[in-house]
Amino acid sequence: MPTHLCLYNSLSRRVEPLVATDPRRVTFYSCGPTVYDDAHIGNFRSFLAADVLRRWLESPWCTLAGEVPQPVGREVLHVMNITDVGHMTDDEGADGAGEDKMAAAGRRIAEAKKAGTLPSGVDIDATDPYAVAEFYTARFVDDACMLGFKVALDERQSPGFMPRATQYVPAMVLVIERLVQSGHAYFVGREGARVVYFRVKSFPAYGRLSGNVLDRLREGQGGRISANNQAGKEHPADFLLWKEDPRHIMKWNSPWGEGYPGWHIECTAMAAWRVWLREASLWKAPAGADWSAAWQPLLDRQQEGGAALIDLHSGGEDNAFPHHECEIAQSCCAFNTRPEQGTFASCWFHVRHLFVEGAKMSKRTGNFFTARDLFARGVEPGALRLELIRAHYRVNANFTLQGLDDCARMVERWRRVLEAKGVMGTPGRAQAAEVLRMEFTDAMNDDLNVARAIGAINTWLAGVAEPTTDDQRVLKVIDGVLGVLSVPRLVGASTELAVYAPGTKPNPEVEAKLQARKTARAAKDFAASDKLRDELGALGYVIKDVASGRVEVSRKG
RNA sequence: GGCCGCGUGCCAGAGUGGUCUAAUGGGGCGGAUUGCAAAUCCGCUAUUCGGCGGUUCGAAUCCGCCCGCGGCCUCCA
């Protein structure tokens, strides 16, 4: 059992102790969502895995290798980008052709507007890509906060933790300039259609993360390297840093003309910028600054040898190649004195994709869920969060509606411990709490074994007859990590007679039957009472008598 | 074609050489409680870990082959 946190590092393909540059202040960058649609539960599983890692690092129970245990948690600078620059929809021209996804999203919104299906109170200019991006970004932050995603909560309190790519284009331009100056990038094409490429041959370590070898990429079955986007490239794997395109709906100035950045450069620029700002004890960029003047000194810095710039970098498994591979290449070449020895981040954390009801999630097969769909159906955020984090992050977890129910019950049971009065502790309970602390810690240190940690909680819970203050204390620390009890709860409507579960609305027919049932029960006419319950069942309602003397009404199944 | 991963009971999901005749939650079954339900509590519920071989005193755990599933190599969490 490790006494300190060990994580699987995609770069070394091994579980190894996490080593941070400064163990008391860990830097963590997560690849965030694209905002031309609502995030689905698969997206959230990946973000939430990163969130659990961040919360564990902040926990007072977490110790890093070589560190003396401390009574307070460490500080984690966790930043997650919002990709609000549209990518292209056309796969053929992966380097920049086809319709911009943000433009496509705008079209969808315009259609929804016409059809009258847009949520009430929403009025956005669907032709403005920034407005479309803001619309989906706001919805993402809402959903993420419901799920207790700390970066989103940080962002809400003090904007800056979820940087928008569109606001960092000048930084990207500066990074690209560095790469061009140092010979790691080159530009081709006539004025009006210039393209800047990263020179993959200038970074011998390219392929280290994904295992893809340059020569093999040449003949990739996936068709990544197709003849029609090779124009001007020195090597087929060279990737786009900047594309001049004055007609594009989102465009910025650059030394290579008006256009837009490539898809990998945003993370490099934002991660670097955030880390350096933090070192300068600033959370936000100086306002109204001349970008170049503000950024240049930081961007001119070089990391000694191959020293990592950030401690942790996370993303979905599909991000490993090409995105993270390219990020490593361009970042190390821009910021390391010995680029080929660099890794950009010390530990690369990749989360496997989620399955739904045993199959790949897809809109076509009808097993596609967004978080907000589920909330609208009355699913408790805490239950959804638990269902998404309970399986190990490196297996394809299977999301099921049954599993969601299981989790809702578990959350309820845990919650009762915290909501109880909390009697005075006993030596026995204090010891049980200590056992739980150790088991939970061991499980989390072992590559974030949340499933085992949950098992330990439930075993402990079986011994909790009447919760003591010790029990409550230990569960609170645990929930600081799992975050399922501290999340908002949906509130249902209630009437004199009934408490309606979230997702269920009061209606006169139900109320009438409940009233009749109440009367029947008062008269001890149980046959009539049971008949009314059956009738409600036929209408699709499940009822339960609850402590308040009222009846809890929920939808069946 | 290249690189990588997975396959445990009805479901979800731990366990990676002996204490595993396999944690934990759900489900099912039986009991307590309840007018009946619900909730809660107690008990039972895989001699077995995709298949076949091998290594070993000993394997779900290591090795080989086979079968099945999946990811990346193209935008994707």
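The basis for the numbers below is simple: all heavy atoms, side chains too, and nothing from hydrogens, waters or symmetry mates. Throughout, a chain's letter reflects where its sequence line sits, starting with A, and its residues are numbered from 1.
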Residues at least two apart in sequence or cross-chain that pass side-chain contact (heavy atoms from CB on, under 4.5 Å) with A/D154, listed by chain then number, are A/R54, A/F161
Side chain of A/R352 only, heavy atoms from C-beta on: which candidate in B/G70, B/G35, B/G25 is closest? B/G70
Of the nucleotides B/U24, B/G35, B/A77, which has the atom closest to the A/S529 side chain? B/G35
Integer-rounded Å distance: B/G25 P and A/I389 CD1: 17 Å
side-chain contact (heavy atoms from CB on, under 4.5 Å) partners of A/D545, counting only residues at least two apart: A/R517, A/R521, A/V551
Salt bridge present between A/R452 and A/D442 (N-O < 4.0 angstrom): no
Taking atom types as they are modelled, would you say the side chain of A/R533 forms a donor-acceptor pair with the base of B/C36 within the 3.5 Å cutoff? yes
Selection: residues 494-503 of chain A, any non-hydrogen atom under 4.0 Å of RNA chain B: none
Using the C1' atom in both, what is the distance from B/G30 to B/A22, to the nearest Å? 24 Å
Salt bridge flag under 4.0 Å for residues A/D238 and A/K233: no
Please report the distance separating the C1' of B/C44 from the corresponding atom of B/G9, rounded so that it comes out in whole Å. 15 Å
Between B/A23 and B/C36, how far is it from one P atom to the other, in whole Å? 34 Å
Quickly work out the A/L147 CG to B/A77 P distance and round it to whole Å. 16 Å
Between A/R489 and A/E419 (salt bridge meaning N to carboxylate O under 4.0 Å), is one present in this structure? yes
When rounded to the nearest 0.5 angstrom, what distance separates CD in A/Q330 from CD1 in A/I265? 3.5 Å
A/D479: salt bridge (Lys or Arg N to Asp or Glu O under 4.0 Å) partners, not counting sequence neighbours: none
Protein-nucleotide distance (A/L404, atom CG; B/G27, atom C1'), rounded to Å: 16 Å
Between the protein and nucleotides 38-45 of chain B, which nitrogen or oxygen pairs are less than 3.5 angstrom apart?
{"residue": "B/A39", "atom": "OP1", "partner": "A/R409", "partner atom": "NH2", "Å": "2.6"}
{"residue": "B/U40", "atom": "OP1", "partner": "A/R416", "partner atom": "NH2", "Å": "3.4"}

Could you measure between the two C1' atoms, the one in B/A12 and the one in B/C3, and give it in whole Å? 30 Å
In whole angstrom, what separates A/F47's CZ from B/C76's P? 11 Å
Whole-Å distance between B/A77 P and A/D38 CG? 13 Å
For A/F368, all residues meeting ring-ring contact (aromatic ring centres under 6.0 Å, His included), sequence neighbours excluded: A/H40
In whole Å, what is the span from the CZ atom of A/R394 to the P atom of B/C72? 18 Å
Under the salt bridge (Lys or Arg N to Asp or Glu O under 4.0 Å) test, residues paired with A/E466 that sit two or more places apart: none
Residues in salt bridge (Lys or Arg N to Asp or Glu O under 4.0 Å) with A/D471, at least two apart? A/R429
Spacing of A/D143 atom CG relative to B/A77 atom P, expressed in whole Å: 15 Å
State whether A/K360 places a side-chain N or O below 4.0 Å from either non-bridging phosphate oxygen (OP1 or OP2) of B/G71. yes
Parallel, tilted or perpendicular: rings of A/F239 and A/F198 (30°, 60°): parallel
Base, sugar-phosphate, or nothing for A/L354, non-hydrogen atoms under 4.0 angstrom? base
C1'-based separation of B/C57 from B/C72 [nearest Å]: 43 Å
Distance only, no hydrogens: is a donor on one side chain within 3.5 Å (strictly under) of an acceptor on the other, for A/H324 and A/H350? yes
For A/V546 and for A/I454, find the nucleotide of RNA chain B with the closest heavy atom, then tell me which residue's nucleotide is more 5'. A/I454
Which residue lies more 5' along RNA chain B, comparing A/F526 with A/N319 via nearest heavy atoms: A/F526
Scan the side chains in residues 532-542 of chain A for donor-acceptor partners under 3.5 Å anywhere in the protein, sequence neighbours excluded, and list what turns up.
{"residue": "A/R533", "atom": "NH2", "partner": "A/D530", "partner atom": "OD1", "Å": "3.4"}
{"residue": "A/E535", "atom": "OE1", "partner": "A/K513", "partner atom": "NZ", "Å": "2.9"}
{"residue": "A/E535", "atom": "OE2", "partner": "A/K531", "partner atom": "NZ", "Å": "3.1"}
{"residue": "A/Y541", "atom": "OH", "partner": "A/N507", "partner atom": "ND2", "Å": "3.1"}

Any A/N43 side-chain N or O less than 4.0 Å from OP1/OP2 of B/A77: yes
What one-letter contact string describes nucleotides 8-14 of chain B from 5' to 3', where B marks a base within less than 4.0 Å of any protein heavy atom, S marks contact via sugar-phosphate atoms alone, and - marks no contact? ----SSS
Which whole number of Å gives the distance between the C1' atom of B/C41 and that of B/U33? 8 Å
Sidechain N-carboxylate O distance under 4.0 Å for A/E412, A/R409: no
Determine the stems involving RNA chain B; a stem requires 3 or more consecutive pairs of the Watson-Crick or G-U wobble kind, each with both distances below 3.5 Å, and the answer is none if no such run exists. B:1-7 with B:67-73, B:10-12 with B:24-26, B:27-32 with B:40-45, B:50-54 with B:62-66
Looking for any heavy atom pair under 4.0 Å, which part of the strands does A/F44 touch: base, sugar-phosphate only, or nothing? nothing
For A/R394, give me all partners under salt bridge (Lys or Arg N to Asp or Glu O under 4.0 Å), at least two apart in sequence or on another chain. A/D447
For the C1' atoms, the ones on B/G51 and on B/G7, what distance do you get once it is rounded to whole angstrom? 11 Å
Between B/G18 and B/U34, how far apart are the two C1' atoms, rounded to whole Å? 48 Å
Please report the distance, rounded to the nearest Å, between NE2 in A/H353 and P in B/A77. 8 Å
Between A/K201 and A/E234 (salt bridge meaning N to carboxylate O under 4.0 Å), is one present in this structure? no
